[in-house]
Every structure is written in structure tokens, then in C-alpha cells.
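Everything on this sheet refers to the single structure shown next.
Keep in mind that the numbers below use all heavy atoms, side chains included, and drop hydrogens, waters and symmetry copies. Per chain, numbering begins at 1; letters A, B, ... match sequence-line order.
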Protein chains: 2
Amino acid sequence: MQRVRLAVDCMGGDHGPSITLPACQAFLANHPHAELLLVGQSEALAAARDWPRCRVVAASEVVSMDDPVEVALRRKKDSSMRVAISQLKADDQGQTAADACVSAGNTGALMALARYLLKTMDGIDRPAIAASLPNQKGGFTTVLDLGANVDCGPEHLLQFAVMGSALVTAVTENPTPSVGLLNVGEEMIKGSEVIKRTGELLRAADAAGQIRFHGNVEGNDIFKGTTDIVVCDGFVGNVLLKAAEGLGSMISTQLKGEFGASWSTKLRGLVAWPVLQRFRARVDHRRYNGAALLGLRGLVFKSHGSADAFAFERALERAHESARHDLLDGVHDRVAAAMGSLAAPHPSIPA
Amino acid sequence: MQRVRLAVDCMGGDHGPSITLPACQAFLANHPHAELLLVGQSEALAAARDWPRCRVVAASEVVSMDDPVEVALRRKKDSSMRVAISQLKADDQGQTAADACVSAGNTGALMALARYLLKTMDGIDRPAIAASLPNQKGGFTTVLDLGANVDCGPEHLLQFAVMGSALVTAVTENPTPSVGLLNVGEEMIKGSEVIKRTGELLRAADAAGQIRFHGNVEGNDIFKGTTDIVVCDGFVGNVLLKAAEGLGSMISTQLKGEFGASWSTKLRGLVAWPVLQRFRARVDHRRYNGAALLGLRGLVFKSHGSADAFAFERALERAHESARHDLLDGVHDRVAAAMGSLAAPHPSIPA
């Protein structure tokens, strides 16, 4: 089995090492071929000093959850986030210290640092954030962008479609995953001008064999699993993802509330407990933690800032799986193949 | 008690009279002071001819779910949808045949016909679709726009905030409901240019006492119940609403699936049944059916096209409640009070 090494920003997120270290420990136990570079303040990571397949990489500063991008980029030059991402930079021999990097830190700062340190791939204007959401078919729907780009043009959405296809191919080995373009209901005014022009580009990319374009999809298609990939701009994607988390959490609270209402319902809940536990595990959004930043010359994964150790370990696993399946080469090859159309100038997109 | 009369487009929706008539019958039984005008083809509505507090209003044509707006507007001039909306037009004495209208038909056609026949209120450029979603506090969050306007400028979002406030005030009697502006996570690039400029307008409207502006909110705040009202453009709102329906339906299917997995889980499900039933009723999206088209000179309500009789009856109830609370006057007064700022010219908004 191929040895994969992950660089972990142990200081990021709402909880820092109190969450990331237990997650790393569990991850190492479950992945006997994995290695970790634990990046952060030495004292904070002292507990991990003697762990096997592990090395502490010192970084004296921490990017906080509300640090502006400028602070992360220009002031905190020895931050754990920056040092972790730097492990993905190739040396003169093209070697990197790590195969992928994981951080639960401030998304804006992570994206900006990753872009600055690693650069985007040829043919990609803007990296995108991609996550996999569970669907009714028992599989996953990969949605992007989830918040990196609030104003997107048709070319960007086309790039997301190509990168999302590469991600799904790498992880599922399906060579031709289907792409849906998120739009409003058919019976309504059919989308903005950007969406209409994106549809044209996606159809052209489908005709050229670069992606498999299913057509427009609606919000419910994400959870139906109508397509393998759904592309949308980062504003819509972010709102959607957070709304789904909010609804899931409300439903789970209500279910608990109904079973906790009285002694009689509590007794019934006790009988139903094993089934309810399996149900909770299936809808638990912590299981789907770990979003990929696609389009960079390195594999960066973003964990939810409020992730607990269980959720953070899922993000580590996702990064590990992606590196093991050579996601970086997969995206690179697919983007290169589509370069002709991706690089085509489009008058409506400002540089 | 004030007598309220509703005009019902009995032919609209995926199922037509087979759904709308049973819903009307149940509604009449539960609302002894309500009257209905049942609009549609006489033969199709024959069963209702002798119902009390009811009158059949003949309309020979039907706007189908996939009829383009032009067909509804220019060709089918005797459609049940058009005749139903027409019941809200004032005669020379300012009297209307009905107080509100309900249709499960094609949203695009309904909005276009309502706008053409009733006109928008002074100060309102574009009507919006508003619906109430359940939140974790046990109350409702009113979200608009849900799909009438895919490209919105800051002025439109301000108008939505004013109209949404009037809707919530009319139904809940809270004179100062709070308004949130849907945006992406604080830690990300903080929204598009339109959102930033909308924030300025909403702050000014708050300072002028026209609305109570809470600030930006994220997708999960809708279900947390952070604010009474959430405003967004129709593209985002529509995607959000459909995604929430899709997720709710997936979760409900999975819960059923877990309890149906084996004889042992089925037995446990039998014990948990009464509790699960109460839970299902609480999260059942049919209960929240019935969206208001705000900003028109008449109260028009849109039911989900696939509504069953239970859901369609909820839309009738929502229209009835709103008419009983003089929603039309409420919106009119609030918009009139805010007219100064709403009518202020804004160079960035094309006419």
C-alpha cells in the first residue's frame, strides 16, 4: 500500500489541539500506513512528540478564526496554517514533504494562503471548495463551489464542473460522472443570464467529451442523487450547505424532543434506541466533514471550524483517500485535457 | 367574526379537482365563517354545486404546469387561474368578489397573470414569493423571495424586507419583526457587491424606523430562528427551499428504512410508532404549504403544484388567515410609510 503523508494544521479551528490531537491519534491507529506532520506550537503539541509515524513541525503563530485574510497573508508568516500548506510545495527535485494538508482554520485565510503559496493550476482561474453530501440513493453528491467564490461567471462554473468530475473519478473510479447545473424550478423564469450561458458552455464541454452534462437540476436533486456532481456559485453553495446543516440539526433536536417528552415516550425511545442510533449515524453531518480545495497545485482539505475529534478524523480520512487515489494528478490531467475550452476567452468574464 | 371569501383555482396543480375539491370541502367544514368561489370547468366541479357557502365560477380553460407565461397571458383568456385572480379586482365602488385567491398552478404563469391583472403596489418594482419555514424555536421564519426574481438589486431586497415585515406583523401581531440578510459565512469573502449595498440600505431603513434590521444571517439561521424574516434573491431562495424539501424527504425515508430493516427493528418501530408519528407531523413540509405573492394589489397565494388535499387545505388556511388579518392593508401601509426610501433612485438598478 502506498504510504501517504498528511500535514495537519493542529492549531486551526474553534478548538485547536484539544480536538485535532485526539483525531490524529485515532487516525494513526486506524491507518497503519499513514504518516502525519503535526504543525503548530511545540508546547501545545508536546503530547504527540513520541507518537509513531508522526513528526511535530514547529510554527509559532496561529491564524485565528476571525483574522482578516491580510493578517494571515502578510503578518503571521510563521502560522501553523501557512507552515502546513508549505509542506505541499515541491523542492528542486519535485518532491513534497507531504501529500495533502488539512486545516480547520478560517476558510478565507486558508484559501488565500493556499492560493498564494501553491498557485492555481494552468487553466483554473479560481479554486473551488467541494464537499460530498449524502443522497437518497445511498451514495454521495459532490457539490461545488461551497463558498470560495461569491460572484462566478460561466467559465468558472465550467471549471468547477471539470474539477468536480476529476474529484469524483478519483474517489469512485467512475470515469464519466454526471454533472448537474443548479438552477431554479423549470416552471419559473429559468435562471439568471450567467446560468443560461453556463448551460451553453457545459453542453459544449459535454459534446467535446470533457464532462458528462446531465442538464439543469434543482435544490432537491442534490439529496435525490440525480447527478454525481452539482455545480453552483459559492454564494448559493454556502447558503445551501449551511441551511442543510441547520435543518438536519433541527430535525435531530425535534426527534430527541419527541422521545424525551414524557416517561412513556422515553420508554418507547429506549426500545427504539438501537434503530435511532443507526439513523442518527447516517444523517450525522460530522461524517461528511472535509471539503477539498480544488484547482491548486497541492491537495488542501478544509475541516469545519467547529469540528469535534470524530469529525476532524473524517476530514483526515478524506484527505488520505484523495491523496492515495492521486487526486492531484487526476484534476491536473482532466483540466489539461479540457484546457482548450477552459482557456477560451469569454468577453463577459473580467480578468 | 369577519367573513372571508376565497377564490380557488380548482383546476391548477398536478392533480386539479381530485385534490382541490376534497381540500375545499374539508376547509369549509373547519371554517364555518368562510366562503369559497370555486373556479374551473363546470363539469369538473359538478360535485360541489350544492355545497353550502360555495359558488362555482365557470372558466373554460386550464393553464397547464408547463404552459409558457405567454400562453397563460395572451392565449388562455378564460383560464381558471386568470378568472380566480380576477375575483380580486376592485369594481367602481372598490369592492372585490373575493378577499384572496389560491392556486396550485404554474408559478411563472400565476405571478405574470397576477401582476398583469392586479398590478403592483406603489413603491414595489417586483412582487416576491414569501413562505414560512419552521424553526428550532418552535416558531416560523418567513423567507422571501422564493423564486419570483432571479436577479435582484439592493432596492428589491429592501422592498422584500419591508413586505416581509408587513406579512409577519399581520400574522403574528409583532409590530417590529426582525429582518436578516442572507449572506455567506462571516469567515468567508463577505458576500457579493449586491449584498454589501443591500446591507447599507437595510441599515438606513432600520435607522428610519421602517424595519428592524438584525444584520447578516447564514443558511443555518433560517432553521435556528435567529430572525423573524430572511431576505434573499429568488434564485437562492428557490434553491434553498427545494434543497430543504429534498433533505427533509431523504431523512424521513431513511428513518422509515431503518425501522423497516428487519423483524426486530419493525417491532421496535411499532413501539415507537406514536412518537414517530408526532415527529413526522412536525417535520411534514405539507404543513407549511402556501406561499404569499407579496407586493400586488390583491392577496394571491401559491400552493405547491404537487400538493395533496391536506397540503392544499393548509394553503387555503394560510390565505384565509392573511385575509382575516388584513394583510393587504398591512403591506400597503408599511410600503407607503417606507415609500421615501423605497422610491429613492439608485443608479445601479436598471429600470
Side-chain angles (χ1 to χ4, degrees), chain A residues 65-66 106-109 134-136 147-151 182-189 191-193 195 218-224 232 234-236 238-251 253-255 258-259 261 265 268-269 271-272 274-276 278-279 282-283 305, chain B residues 65-66 106-109 134-136 147-151 182-189 191-193 195 218-224 232 234-236 238-251 253-255 258-259 261 265 268-269 271-272 274-276 278-279 282-283 305:
Chain A
M65 292 308 272
D66 47 13
N106 176 336
T107 311
N135 64 39
Q136 205 143 15
N149 311 282
V150 290
D151 286 311
L182 195 59
N183 200 351
V184 292
E186 270 193 84
E187 77 277 11
M188 311 225 176
I189 314 139
S192 62
E193 284 310 310
I195 294 293
E218 300 183 48
N220 49 346
D221 288 304
I222 294 172
F223 299 102
K224 270 192 197 165
C232 57
F235 189 94
V236 172
N238 184 271
V239 162
L240 187 74
L241 183 74
K242 295 215 164 128
E245 282 176 15
L247 177 58
S249 145
M250 180 181 82
I251 289 177
T253 305
Q254 286 183 338
L255 189 60
E258 290 294 351
F259 276 106
T265 59
R268 293 178 193 275
V271 175
V275 189
L276 291 173
R278 273 198 299 278
F279 167 71
R282 275 181 71 168
V283 299
Chain B
M65 290 310 269
D66 46 13
N106 174 338
T107 311
N135 64 39
Q136 206 143 12
N149 311 282
V150 290
D151 287 311
L182 195 59
N183 200 351
V184 292
E186 268 192 85
E187 80 276 14
M188 309 225 176
I189 315 140
S192 63
E193 285 310 309
I195 293 294
E218 300 184 48
N220 48 347
D221 288 305
I222 294 172
F223 298 103
K224 270 193 199 163
C232 58
F235 190 95
V236 173
N238 184 270
V239 162
L240 186 75
L241 183 74
K242 294 213 165 130
E245 282 177 15
L247 177 58
S249 144
M250 180 181 83
I251 289 178
T253 304
Q254 286 183 337
L255 190 60
E258 290 294 350
F259 276 106
T265 58
R268 292 178 195 275
V271 174
V275 189
L276 291 174
R278 272 198 298 277
F279 167 70
R282 274 180 73 168
V283 299

**Request:** Using non-hydrogen atoms and a 4.5 Å limit, figure out which bit of B:Pro274 sits close to chain A: side chain, backbone, both or neither.
**Result:**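 Contact with chain A: side chain only.
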**Message:** For B:Asn135 versus B:Lys224, what's the shortest heavy-atom pair and its separation?
**Reply:**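 The pair with the smallest heavy-atom distance is CB-C, 4.1 Å.
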**Request:** Give the member of A:Leu182, A:Leu276, A:Ile222 that has the highest number of heavy-atom pairs under 4.5 Å with chain B.
**Result:**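 Max contact count across the listed options: A:Leu182.
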**Message:** Let's go through B:Thr265 and A:Arg278 carefully: what are the C-alpha distance in whole Å and the side-chain angles of both, what is the deciding distance for side-chain contact (heavy atoms from CB on, under 4.5 Å) to 0.1 Å, and is it a yes or a no?
**Reply:** CA-CA 11 Å; B:Thr265 58; A:Arg278 273 198 299 278; 3.3 Å; yes
**Message:** My understanding is that only residues two or more places apart in sequence, or in another chain, count here; which of them pass side-chain hydrogen bond (donor to acceptor under 3.5 Å, both in side chains) with B:Gln254?
**Reply:**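 side-chain hydrogen bond (donor to acceptor under 3.5 Å, both in side chains) check on B:Gln254 returns nothing, list empty.
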**Prompt:** With chain A, which of B:Val236, B:Asp221, B:Val239 has the greatest number of heavy-atom pairs at distances under 4.5 Å?
**Reply:**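 Winner by heavy-atom pair count: B:Val239.
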**Message:** With chain A as the partner, which of B:Gly248, B:Ala243, B:Ser249 has the greatest number of non-hydrogen pairs under 4.5 Å?
**Reply:**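 That would be B:Ala243.
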**Message:** Can you list everything that forms a side chain to side chain contact (heavy atoms under 4.5 Å, CB included) with A:Leu247? Sequence neighbours excluded, please.
**Reply:**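 Partners of A:Leu247 under the side chain to side chain contact (heavy atoms under 4.5 Å, CB included) test: A:Met250, A:Ile251, B:Phe223, B:Ala244, B:Leu247.
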**Item:** Heavy-atom proximity to chain B below 4.5 Å, by part of A:Glu245
**Value:**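 No part of A:Glu245 comes within 4.5 Å of chain B.
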**Request:** Say whether A:Gln136 and B:Thr253, considering side chains only, have a donor N or O and an acceptor N or O under 3.5 Å apart.
**Result:**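 Short answer, yes.
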